[in-house]
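Here, residue 1 is the first one in the sequence, and each next residue gets the next number.
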Amino acid sequence: MALTRSGADIHLRRLLSTRRLRSTSASPATTGTERQDDGGSRGGAWGSSGRTQPHGHRGTDTASTTNEISVDFEQTQEAYKSKDSLELLRSLVVFKLCSYDFLVDKNKEIMDLGKKVLGQKAFNQFMKMTFYGQFVAGEDHRTIKPLIQKNRAFGVGSVLDYSVEEDISEETAEQKETDSCVSSAENESIGVSHGEGKQKVHKQFGDRASAARTYFHSDEAKCDRHMETFIKCIKASGGTSADGFAAIKLTALGRPQFLLQFSEVLAKWQRFFTFLAAQQGKDGAETLGQRLELAQLQEFVAKLGGRGDFRGWFTGKSEESAGCIDVLDWNSLIDDRTKIPDLLVVPNTELGELEPLLKKFTEEDEEQMKRVLQRVDVLAKLAQENGVRLMVDAEQTYFQPAISRLTLEMQRIYNREKPVIFNTYQCYLKDAYDNVTMDVELSRREGWRFAAKLVRGAYMYQERDRAEEFGYEDPINPDYETTNWMYHRCLDYVLEEIALNRNANVMVASHNQDTVKHTLTRMKRLGLLPTENKVFFGQLLGMCDQISFPLGQAGFPVYKYVPYGPVNEVMPYLSRRAQENRGFMKGVQKERELLWKELKRRLATGDFLYRPVY
């Protein structure tokens with residue numbers, strides 16, 4: 001049915017400019033503290049005063065006299081007791097080298113030259129003495145065991161990541177990234193980028209030097225090979241530790257084109273809910289507070305030309321709905337998409353009518369979804385059998401809705417008794433708080449255990465450049481302070497959920513000392529003991545030992561993100577790590593000072609030849 005000039009066309013055009021879901025609460029209150037990049041989240045991070053206020057409707061803090069553990073991050077003897085003096089010197093040298101722009105920008109060319117001058121064998125040995133030795137645990141699951149066992153002896157666990165990546169030319173990467181990030185629906189009127197025709201990808205987003213890892217696929221066999229790689233990683237984690245993690249990426253287990261297409265479907269459906277909420281005067285509320293009255297919804301959609309009985313579908317599905325539905329009820333329609341195709345429609349302003357949401361979601365897309373879930377299912381079962389938890393990494397915003405949705409599907413199955421699947425939330429996104437709160441509420445309603453890794457974010461510059469290139473709203477928070485406030489807000493919400501029900505779990509993946517201290521303070525006030533293993537901490541191997549090891553020795557569950565793989569095949573990872581942590585490396589002055597302090601102490605006390613005993 002074509003739309004009339006009764007105002008519906010104006011409403012539909014407003015839909016196209018609807019902003020991304022975000023919190024509408026007051027501006028963050030922050031104070032100027034140290035600016036320190038958050039390498040633990042593979043991207044920018046920021047200091048904070050920790051002035052995040054709790055949400056009053058979720059309960060109050062309960063001071064605990066049993067949680068009096070304190071951690072001193074200035075005691076270098078304790079922080080570096082797992083390291084000999086040569087390891088401390090290596091850290092100082094590597095951190096210094098990574099602070100030089102020339103070496104970072106030209107790292108691939110320098111590495112290639114090094115291979116020619118030194119020869120492969122000597123070059124490999126040099127890398128093991130420097131960058132590889134600093135950031136990579138070893139070549140395979142056997143060689144990494146000593147380091148993992150040593151860290152474990154000093155109270156630090158491991159998140160294993162088999163970090164072999166394709167070492168392809170920039171031109172090839174650009175083309176593959178471009179091909180993988182353009183969906184079959186790129187000319188549809190409402191795309192994942194919140195505007196007409198905004199899904200196209202500029203070649204700059206294929207540059208492996210500036211983008212974090214995304215897997216490319218020529219066929220299904222390659223997806224299966226990536227799955228076998230993850231299987232080895234899970235077995236290695238289970239064989240070296242009783243309580244470890246293994247990291248996986250869903251772009252390795254399904255075609256990026258499918259993930260993009262499915263993300264577009266989810267994003268369109270979410271924006272339609274936001275649009276309908278605005279029509280009912282609910283656009284000023286936070287996402288979970290927006291409730292659509294079914295009678296008005298049915299009437300409005302019918303005027304737009306929609307078919308299907310919204311009221312009939314939701315009647316009886318939720319006894320507490322009282323004629324209203326919220327965003328979680330709305331999203332449940334996607335779960336039952338094969339039964340109610342008439343309800344899954346969205347506006348198309350070019351045609352002036354409603355159109356099927358899933359018209360481009362083909363049978364092949366459905367098969368792709370099944371295959372991805374089957375692969376993750378294999379990994380989840382294996383992880384469960386080996387006592388390992390799966391950490392699903394976050395990726396670019398145009399993939400993330402699908403990644404989060406597929407991760408939720410597996411959490412519904414495997415997180416019933418204990419947390420097996422962890423989702424990752426990037427708090428530099430404007431909609432981070434909405435995403436966290438919606439998933440926590442969903443876990444409550446459905447009776448599974450929410451499990452999250454909170455990071456600040458990995459793709460800030462890439463996402464901003466893409467938004468500017470194609471004219472849609474920047475999905476990233478405007479500044480350091482806002483992102484830091486968002487991180488603490490999301491963290492506080494999950495900590496309060498843990499205090500209320502003891503069913504949620506969170507990994508605080510951060511190198512920011514202020515954030516770690518904030519977490520310890522909140523845990524104390526909420527009566528959360530480290531021995532409960534509900535709150536984990538995470539940092540990258542080779543970085544911020546002055547945070548990781550004091551935490552571990554104080555009894556807190558803390559983990560290093562541990563990459564491994566053959567020297568030659570890990571070179572792309574090391575190159576990317578140098579690029580991604582450029583800002584972090586320049587900001588590690590505090591860490592370098594502590595390293596020098598410990599070396600001087602050892603020289604003064606005759607402990608320079610100290611060897612860790614474990």
Contact summary for [X] and [Y], nearest pair of heavy atoms:
| X | Y | answer |
| --- | --- | --- |
| N415 | V420 | OD1-N, 2.9 Å |
| Y487 | A509 | OH-N, 3.4 Å |
| Y132 | V570 | CE1-CB, 4.3 Å |
| D474 | K430 | O-NZ, 2.8 Å |
| K453 | F422 | N-CD2, 4.4 Å |
| K534 | A504 | CD-O, 3.6 Å |

Under the 3.5 angstrom rule, does the side chain of [X] hit a backbone N or O of [Y] as a donor-acceptor pair?
| X | Y | answer |
| --- | --- | --- |
| D377 | L373 | no |
| S237 | V388 | no |
| H511 | L540 | yes |
| T437 | D434 | yes |
| T407 | N423 | no |
| S332 | D329 | yes |
| Q368 | R255 | yes |
| N151 | G157 | no |
| N477 | C427 | yes |
| S158 | L160 | no |

Side chains of [X] and [Y] only: does a donor on one sit below 3.5 Å from an acceptor on the other?
| X | Y | value |
| --- | --- | --- |
| T251 | E395 | yes |
| R389 | Y414 | no |
| D161 | Y564 | no |
| D439 | Y425 | yes |
| E446 | Q411 | no |
| Q120 | N568 | yes |

Check this for me: does any side-chain nitrogen of one of [X] and [Y] sit under 4.0 Å from a carboxylate oxygen of the other?
| X | Y | value |
| --- | --- | --- |
| E441 | R445 | yes |
| K370 | E367 | yes |
| E366 | R371 | no |

Indicate the ring-plane relationship of F310 and W330, choosing parallel, tilted or perpendicular according to the 30° and 60° boundaries.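 Because their plane-to-plane angle is under 30°, the rings of F310 and W330 count as parallel.
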Please verify the inter-ring angle class for F262 with F258; under 30° counts as parallel, over 60° as perpendicular, anything in between as tilted.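 Because their plane-to-plane angle is under 30°, the rings of F262 and F258 count as parallel.
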D335: salt bridge (charged side-chain N to carboxylate O under 4.0 Å, His left out) partners, not counting sequence neighbours: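 With sequence neighbours excluded, D335 shows a salt bridge (charged side-chain N to carboxylate O under 4.0 Å, His left out) to R405, R412, given in chain and number order.
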In sequence, state the C-alpha distance, the side-chain angles, and the governing distance for K235 and E385, and then conclude on salt bridge (charged side-chain N to carboxylate O under 4.0 Å, His left out). CA-CA 10 Å; K235 289 181 177 178; E385 293 168 2; over 6 Å; no
Would you please indicate if the ring centroids of Y493 and Y433 are separated by under 6.0 Å?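 Close enough - the centres of the two rings lie under 6.0 Å apart.
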Assess the pair F245 and F536: is the distance between their ring centroids shorter than 6.0 Å?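 F245 vs F536: aromatic centres under 6.0 Å.
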Answer yes or no: is there a side-chain heavy-atom contact under 4.5 Å between [X] and [Y]?
| X | Y | answer |
| --- | --- | --- |
| M438 | L288 | yes |
| N503 | F450 | no |
| Y559 | F537 | no |
| R449 | S443 | no |
| M369 | E409 | no |
| I144 | L147 | no |

side-chain contact (heavy atoms from CB on, under 4.5 Å), paired with V392, selected from L379, L406, I248: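 So the option named by the test is I248.
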For T143, what residues pass the side chain to side chain contact (heavy atoms under 4.5 Å, CB included) criterion, not counting sequence neighbours?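 So T143 forms a side chain to side chain contact (heavy atoms under 4.5 Å, CB included) with E139, D140.
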How about K418: does its NZ atom have over 12 heavy atoms from other parts shown lying under 6.0 Å from it?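 Counting neighbours around NZ of K418, 12 or fewer heavy atoms of other residues, nucleotides or ligands fall under 6.0 Å, so no.
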Evaluate the criterion salt bridge (charged side-chain N to carboxylate O under 4.0 Å, His left out) for residue pair E497 and R502; output intermediate values, then yes/no. CA-CA 7 Å; E497 176 65 14; R502 284 331 197 251; over 6 Å; no
